[in-house]
Each structure stands twice: as structure tokens, then as C-alpha cells.
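Hydrogens, waters and symmetry mates are skipped; everything else that's a heavy atom, side chains included, is used.
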Amino acid sequence: MGSNTPPSRAALEPFATLDPAALAGLPASSPLTVRSAAISSPYLYLGTGGGKLLLFTLDSPSPDFLRLLPIGPTRPVSAILPLPAVARLLLLADGLLLLADPLLSRPVRRLGSVRNVAAVAARASESDDDRPSCSLAVSVGKKLLLVDLTLHDADELEVRTRDIALVDGVKALAWVGDSVFVGTASGYSLFSTTNAQGGDIFTLPESSRPPRVKPLSGGDEVMLLVDNVGVVVDRSGHPVGSSFVFNTTPDCIAEVYPYVVVAGDSKVDVYRRKNGAHLQAIPFARPGTGGLIVASEDAGIGSDVVVIATAYKVFCYRKVSAVEQIKALLRRKSYAEAISLLQEFEADGEISNDMISFVHAQLGFLLFFDLRFEDAVNHFLLSETMQPAEIFPFIMRDPNRWSDLVPRKRYWGLHAPPKPLEEVIDDGLVTLQQALFLKKAGVDTVVDDDFLSNPPSRADLLEVAIRNIIRYLCASREKDLSSSEMEGVDTLLMYLYRALNLVDDMEKLASSQNSCVVEELESLLDDSGHLRTLAFLYGSKGMCSKSLGIWRILARNYSTGLWKDHAILPETDSLETSVGKMSGEEIAAVEASKILQASSDQDLVLEHLGWVADIDQELATAILTSEMREKQLSPEKVVAAIDPEKVGIHQRYLQWLIEEQECDEPHYHTSYALSLSRSAMDAVRLGSNNEERNNKEFDSDMQFIYLLRERLQFFLQSSDLYDPEEVLDVISESELWLEKAILYRKMGQENIVLQILALKLEDSEAAEQYCAEIGRDDAYIQLLDLYLDPKNGKGPMFTAAVRLLHNHGESLDPIQVLERLSADMPLQLASDTILRMLRARVHHHRQGQIVHNLSRATNLDARLTRLEERSRHVQLTDESICDSCRARLGTKLFVMYPDDSVVCYRCYRNQGDSASPHGRNFRKGGIFKQSWLVSR
């Protein structure tokens, strides 16, 4: 990671400069030289080369000096480690470890007896007994020690020390997790505090600068310095991510998340922690003695302050907020850098979602006023908090219906207040002309070079702006807006569509569910001639009468040629009658029919039915038979309103009324039958008179006639509610013989029906079937008479007569048949049939005799059995009793039932002869004995 590109923004900003000696009240003859610094909120500690420790507070806008604690003139303070867990401050001074309280209110004390300490590192932790504690890693000579500090109730520290390794030449230490990182002149190594095991990470080149180890925020990573390269490793010493490449070799490193601050070569550089990008360079005068020192709070994350110390001065910097950094870039019109920075902050979670939306909106307005309309709308769409009403002032001049909806936001005040789009473009073009003039004069401007090299025209800019505002408003329609906002969005969207004459988009919006305000648009659309859009708009708002009036005008204008017919197909769903492209007149009828099909306003429907029917009868029929309306139309009014010349509409409406609505009014059934009959007669007459037809036309005509007559015949057969005599009067002179047969059958004229079927249609099968439906033998005889004596000059139909006798002769009286056979009938045609008929007659006679004799025999057997049953003897003794009253019978009269039960005469009279004492009812269930079977 890393870059040598010049820094482009300020990540840190100064807020105070300290003169430690002056603030501490020391004379000019006793200057202080700063050797170390540390921050532990809200305090700043400075260690001097003269053995002094200074305390400042950072919780006020201007840091205040609090206290100076002398340590010893011969003990320069080379390192300060705040230990907040045990309420102490650890100092490394002249190889000794010293402890001070955080407020420097007491003299320092030595920590143990160790001397010649080369480096020290701390790690905060909790002990097993929940007492505050922390641990130190200390390098003394060739030893690496661990020192545990535990704070007791009496503010006393318990100190325990143990050795974990032998390491020579330690220059730097860091403790992360269970690992202690050690830097020496030869390289970096790592030791475990749990098992004292260690190992090398990597070695350093011989000419390398002294090692430096810096734990990074979060406690999971460590930076190991190799000259000007910072290698980032994890707790186990394994490299992670990419390395930092610094512009100079660091003398000191601090971290203010998300930045790494590096001091060296008389300047301080700020790098981004995530990708190592160089963000800022802060130059300083070359210090007289020593180098630059940078310090921040060890917590890293959440820390905002970093101090930069020279030998005699201390400069306090704070982290510039993400918002302020972005604002500064936008103020300079560095839009690309601002967007990149916003994305970085968003990825790191350093900026809230609301602020992200705020920045996108602000950026969008800036780009809009810079005439970069597409980019502006892209950012508007990325803002979740921007309201569509903020765009309204660009479209419609104040005051207007929606002026109160426009929020009075000024954002960061970086752009002018919204104003009509034309004015924005005019002002932008003036700015562009000024920039061109300045460029020719050699002055740099912030205007886009593309605009300068290829200046757009006003018309082009206006169209681009309108198209992109349309894009934003279309996207806004998907949001959950209030009804007033939605009205503004849709109405102004229609304004913009009209401005670019986007007719298809206008009609699509108007015909769909929308929130357009009709009062704001009707005069505008009417004056501009967008009547179709206005008709769609009226229809979507339920203003059916106005919408239909426009469609009627459009249909008339198209048909008379006043308007040009573009022959387009509407995007909305069309009826099945629409095949391919439709004319403007047809489209007007289709759109009107959609309104009429759903309308229950009978007067309105019948008012516009006529002109729709003139264009398309199928549409008119669909209007009358629609199931979409809540209340159906009055059949009487509909029938009266249908043009008598529109026979097809009349017939299809009556058919729907009868079949779908199950209407049982005889009047409508008769009207339907009469209409179909007249149509069938006309079709047959035209078909017979037109002799100049080719085969294809002839087949088509025959198919039409067949289907029409089939529909008529089906209705005549299925309905019983029409007046057959009235229909018969209409077709009496026609050749519709099958229809006549159906009507005569309805009237019960059997003979005429047989005449039509047998003689006119010569349909023997149908005639015989009709005789079977009548169900009488004389019907067949009547049919036979018709075949043998057709009259009207027609000769006998012997073949049909023979067929009739063959199929039904066995059931006819041979004498009647023979009486009707004429002498002219060829004997060979009927001989076989008559012979079979006579044989069948004899066979039936003999069968009858057999059945008669068998019946007589059965009757005789039954009578004999009954006689035997009645004459059989019954023997009674003195012990015999009545099965009903249980009294002894003796010499009394008695009766025996068929089930062999015996009762006295008195009990018989009481209970009758239908039920026995055993409970058997002989009327409901008979009794059967084997001996009663007929045996002869």
C-alpha cells in the first residue's frame, strides 16, 4: 500500500499550539526540551530531557496547564505509558521504571529494582480475582521479563515478576494478545506469554534503521517497520494485507483511526489505515535537537486528538470529521474526490446513512447547477432522504399548488436556491462563457474541460435536463409518498412529457393509475392538441362522459380526414377484434368501449353505442353484453336503442340475454327466432342468386349459411318460449323445410312434420325417428301411406316404404299393411319383407298360445293346492290350548292360520284373519310353503 501522489485533503486540523515552558511559568533561561508525549483522555503528558513531567488537560477548546512534577535533572523521560487499569502512569527514565499517579499529585516511585531497561510495553487485562490489573513486558539486559501489577483496595500495587526469554539488544517491544513482539538490530521475533516459546519473524538488512513496533487499533495487528516500509502482521506474526510504503523513514508512529500518522524528516504525513493512501503532509521547521514526536491515545478507535511535538513546541491536531472533509472537497468542486471519499467513509462505517443521503443530495444540486444533469439525477436517486418536492421549483415557478410542499433546505449552502430550469441553464451558460474567457486569458477555472472544449447549446441542455428530471420523477413514483406529493410528481411529469412531446409516455401515464390533477392539465393538453392524452386522463379519473366525448370527436375527425391516421396499435390491452395495426378511428372505438363496458350509466352507454357500432359491431356487442358493470342495462331500452340495420348486434345481444342471462320473456325469444329466421332466408336467397362466385367464395358462403341455419335450428328446438306460429308465418314461403318441421312439431302437427321429413327432405331416418318419438303404431302406418301415395304429382317412394317395413314391419298389423300396398308396387321389392312380417305374426300368435296354456296350467295347480290346504285335518287333544289367550280348547270352535297357529273363535274375531298370534301380518308379508309350488 501507499502512494507518492500529492495529498489532496486535510485529514487533521490544528486546534492549539503549546509552549510548555511558558505555560509552566519557567524562566526563559531554563527551556524545556520535549523528549516524550502520551495522551490518556482527557490528559496530555509531556516528558522532558531535564527530568520533568508536565500535565495538560485537553477537554477544553484551549488546552490548559495543570501541573509539573520533577523526577530528577539527570533522568530524561524517554517514554510515558498510561496504565488506566491500575490508575498509574509508567515512566521510562534513564533506564529506570517509575510510577506516578495520573494527576501527578504525588512524587514518583520506582517500580522494582530493575535498571538499564531498554524497552517496555503494556497490556491491560483482568486478574482472576476481578481486581484491576495490567501486565508489562520489560527488556533488561539480555532478559525479557513479564511484570504483573495488581491494584488493591488501599491503592497499593502488588508486583510480580518472571522471566520468559533471553533476548539481547532489544530496541522495541509491543504486546498484543498472548504475543510479545520484540525488535532488535538484527530483526523481529515473537514470544508467547503462555508457554514462553519464541521464534523469529524476519531479519533486517545490516544497513536498516532501528526497528519500531506499533500495535494497530483493534488489538489484532502490529506494524513492524523496515526503513520506510511498514509490514503489517497478525498476532502470530503472519503478514496480513499489504504493507505501508511511507515517503520518509519514520522517527515516530501514531494512530488516529482511520489514519496512521508518521513523523520524520521535518514533516508529519497522514496515511489512510485501510489502503495506505497518502492523504496529508504537515511540514515543520527542522527541530534544533531531537526529532518530531507524534502521540495519540493508545485506544486508537474513538480517539480524535494527536499531538506533534518538537523540542520546544507542542502542536495539537484533531481529526477532521468525514462531513467536513467532504464539504471542503465540494466547496472546491472536487466532485470525483468527494465521491471517492464518501465511498471510503461508507465502507468504514464512519458516516451515517442519513448523512450519506444528505451528501448525495448536496452533490446532486451542485452538479445540477453546473449543468451536469445526468450525474446530478444519479446522485438524487442515491439519496434516501431527498424529497421529490425539492425538484418542483425547477419545473414550475412559485407560487403554485405545491409550493408549501417544497422543504426549505439549504444543505451546506454550497448552491443557489432552486429556480426554474430555464434560468438555471441561462445562468450556467453565462458562467461557461466567463470560464471560456478566463481560459483564453490563461486563468484556470473549475468548469469542466469537456464543456469548455465542446459547449452545448441551450436547446440540448434543456432537453437533457428535462429527460433526467423525468427519470427522477419516474423513480419517485415507486416511493411511498403522500397524496399531495404524488399529485405533484405525476402532474409535473405530464408537464415534462408534453414539453418534449413524448406522446407515448403521456398516454401511458394518463391511461394508467395516476395522481395527476386534471384541473392543472386539461387546458394545457387541450390547447396543445393532445386530446388522446386528455381522453385517457379523463377516463382514469372516472370522468367518463368527458372522455367519451373526446373519443367520439377523435373518431369523427379520423373518419372525415380532418386528422391524420397514424395507424398505431395502443400499448394497452386490445380486444380480440384487433388484428395487427389499427386505425386511429378503430383505436378511438376500442378505448371508448373499455369505458362503456364498465359503466352502469345506461343513458351514457346508449348515447355512445351508435358511433361505436358504426366503426365496429363486435365492440358494440361487447359493450352491451359486458359482465364488468355493476348493474346490467335494461333489455327493453337496449333493444329499442339498437339500430335496426345492425342485425348482428341485435341478434348477439338477444342470444346473450337468453343464453347467458337466462331471460324467460317470450317476447325476446320470439324476436330472436324471427331475427335469425329472416337472416337465414336472406342468406339462402343471396347464396342462390349470386352465380359469379369462384369455388372459394362459394364454400365460404355455404359455410356461413350452414352455421346460421344450425344456430336457428338449435334455438327452435331448445326453446319453448317463442311463438312458433309467428315464426312460421315468416318462413312459410321459404325453403327452410327443416326449420318448418321443427315449428310444426312444436305445434303438434304430426302429419305435416312427417310430410316435410318424408317428402320434402326425403329423410327416411328422421321420419322414422319422429314416429318412434310419437310412440304409436299408427304413426308408422301414416308414414307408410305417405310413401305409397305422396300426392302432388309425386310417384310412390317404394324404396322408403320397404325400408320402413324392414325396420318396423314386425310391430305393424299385416292386414293394414296389405290394404295399403298398391298393385303397382313391384312384388320383388316387398315380398321378402312381407313374408318375414307374416312369419313374425304367426310366431307371435303361437307364442301367445303357449303362454296362455302355461298360465291356465299354473292357475289350475294353484287352485288344487289351495283346496288341499283348506281340506287338511288338524288333531286336537284335551291338552290343546289357544295360541292367543292360552285357554283350553276342549269342544270350542277354533281357527287355524296359514302359519299353523291355532286360536279359539273368540280370539279370531278379536284379531281378524290378517295377523296370527305369533305376530305375523299376512297382508304385509305373505307365507310360502314348498308344497304350494306348481308341480305340473
Side-chain angles (χ1 to χ4, degrees), residues 373-374 377 381 388 391 394-396 421 459-478 486-518 520-544 546-559 561-595 615-616 619:
F373 300 114
E374 183 176 358
V377 169
L381 294 175
I391 297 296
F394 291 118
I395 308 171
M396 182 175 285
L421 187 57
D460 291 341
L461 286 172
L462 188 59
E463 180 178 353
V464 171
I466 292 176
R467 288 191 180 276
N468 281 283
I469 294 178
I470 287 174
R471 183 163 61 94
Y472 176 75
L473 292 180
C474 287
S476 298
R477 298 187 78 218
E478 305 299 324
M486 202 65 221
E487 287 178 356
V489 168
D490 283 359
T491 305
L492 297 181
L493 188 57
M494 187 68 78
Y495 267 99
L496 298 177
Y497 282 151
R498 175 193 166 276
L500 297 182
N501 198 32
L502 301 176
V503 177
D504 290 343
D505 293 320
M506 293 171 65
E507 295 181 359
K508 184 177 180 180
L509 174 61
S511 61
S512 63
Q513 183 177 358
N514 64 80
S515 300
C516 293
V517 179
V518 177
E520 294 282 338
L521 295 172
E522 54 185 345
S523 61
L524 181 73
L525 296 175
D526 193 6
D527 294 343
S528 62
H530 293 97
L531 294 185
R532 281 169 52 98
T533 300
L534 185 56
F536 281 125
L537 185 60
Y538 280 142
S540 67
K541 298 301 179 182
M543 305 169 72
C544 300
K546 289 187 174 183
S547 179
L548 290 169
I550 294 178
W551 288 122
R552 186 173 191 171
I553 293 173
L554 291 175
R556 184 171 64 248
N557 290 344
Y558 280 125
S559 64
L562 293 179
W563 281 21
K564 185 178 179 181
D565 190 345
H566 296 287
I568 57 174
L569 183 66
E571 294 184 6
T572 52
D573 296 336
S574 59
L575 298 176
E576 293 180 359
T577 56
S578 174
V579 179
K581 292 185 177 180
M582 295 190 297
S583 66
E585 183 183 18
E586 291 170 330
I587 292 174
V590 169
E591 297 302 333
S593 72
K594 293 177 182 178
I595 299 174
I615 297 173
D616 192 326
L619 290 176

Original post:
Can you find a pair of side-chain heavy atoms, one from L496 and one from L492, that are under 4.5 Å apart?
Top reply: no
Subject >> Which atom of M396 lies closest to which atom of E520, heavy atoms considered >> reply: CE-OE1, 4.4 Å
Subject >> Atom pair CG (L473) and CG (N468), whose distance is rounded to the nearest 0.5 Å >> reply: 11.0 Å
Subject >> Pairwise side-chain contact, L537 with M543, heavy-atom cut-off 4.5 Å (strictly under) >> reply: no
**OP:** Apply side-chain contact (heavy atoms from CB on, under 4.5 Å) to L521 and Y495, showing your working.
**Re:** CA-CA 8 Å; L521 295 172; Y495 267 99; 4.0 Å; yes
**OP:** Working to the nearest 0.5 Å, report the span between CG of D526 and CG of L534.
**Re:** 6.0 Å
**OP:** Return the set of residues passing side chain to side chain donor-acceptor pair (under 3.5 Å) with D505 (not counting sequence neighbours), or none when no residue passes.
**Re:** none
Subject >> Heavy-atom side-chain proximity of I553 to R556 below 4.5 angstrom >> reply: yes
**OP:** Walk me through it: do E586 and D616 pass the test side-chain contact (heavy atoms from CB on, under 4.5 Å)?
**Re:** CA-CA 8 Å; E586 291 170 330; D616 192 326; 5.9 Å; no
Original post:
Can you find a heavy atom in the side chain of L524 that is under 4.5 Å from one in the side chain of M494?
Top reply: no
Subject >> Considering all heavy atoms, the nearest M506-R498 contact >> reply: SD-CA, 3.8 Å
**OP:** Output all residues satisfying ring pair (Phe, Tyr, Trp, His ring centres under 6.0 Å) with Y497, sequence neighbours left out; order by chain, then residue number.
**Re:** none
Original post:
Roughly how far, to the nearest 0.5 Å, is CZ of F536 from CD1 of I595?
Top reply: 8.5 Å
Subject >> Side-chain touch R467/L502, heavy atoms, less than 4.5 angstrom >> reply: yes
Subject >> Nearest-0.5 Å distance that lies between atom CG in L554 and atom CD1 in I587 >> reply: 10.5 Å
**OP:** Looking only at non-hydrogen atoms, find the nearest pair between C516 and T491 and report the distance.
**Re:** CA-OG1, 3.5 Å
**OP:** Kindly compute the distance separating CZ (R532) from OG (S511), expressed to the nearest 0.5 Å.
**Re:** 9.5 Å
Original post:
Do I550 and K546 have side chains that get closer than 4.5 Å, going by heavy atoms?
Top reply: no
Original post:
Is any side-chain heavy atom of L461 closer than 4.5 Å to a side-chain heavy atom of F373?
Top reply: yes
Subject >> S547 side chain vs C544 backbone, donor-acceptor pair below 3.5 Å >> reply: no
Original post:
About how many Å separate CG of N514 and CD of E487, when rounded to the nearest 0.5 Å?
Top reply: 10.5 Å
**OP:** Ignoring hydrogens and angles, tell me if any N or O in the side chain of S515 forms a donor-acceptor pair with the backbone of D490 under 3.5 Å.
**Re:** no
Subject >> Candidate pair R471 and L381, rule side-chain contact (heavy atoms from CB on, under 4.5 Å), full reasoning >> reply: CA-CA 9 Å; R471 183 163 61 94; L381 294 175; 3.6 Å; yes
**OP:** Show the numbers, then the answer: is there a side-chain contact (heavy atoms from CB on, under 4.5 Å) between L493 and I470?
**Re:** CA-CA 6 Å; L493 188 57; I470 287 174; 3.8 Å; yes
